[in-house]
Amino acid sequence: APRRLTTPLVWRPLPGAEAPPLGKDGTQRGISCCPRLLPRQEFPSPEEKPQFPGASADFADRLEFIQPNVISGIPIYWVMDWQGHIVSPDEDPQLPKELVLKLYKTMTLLNTMDRILYESQRQGCISFCMTNYGEEGMHVGSALSPILAVCALTPLPPGVLMYWGYPLDLFMAQCYGNTSDPGKGRQMPVHYGCHDRHFVTISSLLATQIPQAVGATYAIKRSDANRVVICYFGEGTASEGDTHAGFNFATTLECPIVFFCRNNGYAISTPTSEQYRGDGIAARGPGYGLMSIRVDGNNIFAVYNATKEARHRAVAENQPFLIEAMTYRISHHSTSDDSSVYRSVDEVNYWDKQDHPISRLRHYMLNWGWWDKEEEKGWRKSSRKMVMEAFEQVERKLKPNPKLLFSDVYREMPPHLQRQRAALEQHLQHYGKHYPLEHFEQ
Ligand SMILES: Cc1ncc(C[n+]2csc(CCOP(=O)(O)OP(=O)(O)O)c2C)c(N)n1
Ligand SMILES: [Mg+2]
């Protein structure tokens, strides 16, 4: 609140200066053009806090710039070590065996599906593919908490959908862009979406969905107080201006959103050392007034605990949360990338062999006697069979009618799209024989 003045303003001359004469009305004249006069008033004591509306802080008597590197880094919350041992019993979520097996099976199934899709791309069956090797733990761990979520996604977390039971043949249908694809073949492969589960279709345009996610959260908050949005993005995406806008709107509008940043060390070929000079993404949170935590993304229980707590508190306290999940992208960025050009094989091998979310959870299950080598072998075989069966189904299906390219954007198709659709039809009538139209639905 503004400070109240306890005495009326009286003008007094500076030492050595004469006061201007009093006017007819008894007030002093020439005040505004006399810089040597100061108002006499009661000043705040040096102990009182500054009153600037834009900051809540004390005065500092010494000239000192804030050093960004004064602390050694925001710590990384973990629950389980590399051999699957719980490091702090208080933090153990004590998930039941059936659930842990489901987590493990989802992570490995995702891994298997990725391998088959990647091979399909190499054989020219699909145009593009991105895999998730090394990042399976943060997908599945963040999907596990009871989130009634609308997800806005930039880099993809298909493990979330897979954990929620999205069928394999629909994943594959999306990549093949066939008639079973809910997106009717109008997205690039691996850009999944699921209306029923409020999983907003993945967008390739980095960060564009972050302000949209905040807007959606704001609308949800006004209509239904028990829902939360989780918004996934990468550390490279966090360099985009839209991320700033999203963070700032989320805190000022008090939106119950969980920002989930997957820091996997690279934005395609750009390493984090060239992407930012601060302490990662979690360090930015307090600057926006965001509740923030950094977790070990290869540690499924740490991801689970953090997401569960953030989800619960976001709604209870009507405020946004930021989780920075540290991990490593073992695969190439996509089939359009060759990561051997910008990183060493040894670096990749370390994460693949020594610190992998799947092997960490497997160690945990082995320690408890919930899994053994035979079960591993059997599951690998049966999960590959499941993926192959889905793959064979989608391969045979036709692609959607090309006319559908123009539908579903506007409720009523505007004239310019009608003209384009007519032009396409005419073009195909004349030149259709040059296209593989037999693979498309008529
Ligand atoms: C606005 C925009 N700029 C550039 C790109 C090209 N691009 C695609 S992915 C990517 C890197 C994103 O980095 P990060 O968020 O860390 O995701 P990751 O590479 O780890 O999947 C870039 C630059 C894009 N898709 N959109
Ligand atoms: Mg990245």
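In each ligand, atom 1 is the first atom listed, and ligand 1 is the first ligand listed.
Residue contacts with ligand 1 for F233 are absent, since no atom lies close enough (heavy atoms, distance under 4.0 Å). Using a 4.0 Å cut-off between heavy atoms, S204 contacts ligand 1 through its backbone alone, with no side-chain atom that close. At a heavy-atom cutoff of 4.0 Å, ligand 1 is contacted by no atom of M130, backbone or side chain.
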Please walk me through it: do E389 and K385 pass salt bridge (charged side-chain N to carboxylate O under 4.0 Å, His left out)? CA-CA 6 Å; E389 277 168 8; K385 189 161 167 261; 3.6 Å; yes

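Listed by atom number, the atoms of ligand 1 under 4.0 Å from E240 heavy atoms are 1 (C), 3 (N).
Aromatic pair Y192/F199: centroids not less than 6.0 angstrom apart. The aromatic ring centroids of Y266 and Y342 lie less than 6.0 Å from each other.
Some N or O of L206 is nearer than 3.5 Å to an N or O of ligand 1, by distance alone. The shortest N or O to N or O distance between G236 and ligand 1 is under 3.5 Å.
Remark: H244 engages Y288 in a ring-ring contact (aromatic ring centres under 6.0 Å, His included) (not counting sequence neighbours). A search for ring-ring contact (aromatic ring centres under 6.0 Å, His included) contacts involving Y435 returns H427, not counting sequence neighbours. Applying the ring-ring contact (aromatic ring centres under 6.0 Å, His included) rule to F249 yields no partners; only residues at least two apart in sequence or on another chain are considered.
Under the salt bridge (Lys or Arg N to Asp or Glu O under 4.0 Å) rule, R362 has a single partner from E375, E136, E376, which is E376.
The shell of residues lying under 4.0 angstrom from ligand 1, judged by heavy atoms, excludes Q275.
Salt-bridge formation is detected for the pair R360/D296: a Lys NZ or Arg NE/NH1/NH2 atom is positioned less than 4.0 Å from an Asp or Glu carboxylate oxygen. Under the 4.0 Å criterion applied to side-chain N and carboxylate O atoms, E119 and R115 are not assigned as salt-bridge partners.
The option from I281, T237, I268, N263 that lies nearest to atom 10 (C) of ligand 1, judged by heavy atoms, is I268.
Around the Mg ion (ligand 2), the protein N, O or S atoms closer than 2.8 Å are E235 OE1, E235 OE2, N264 OD1, Y266 O, listed by chain and residue number.
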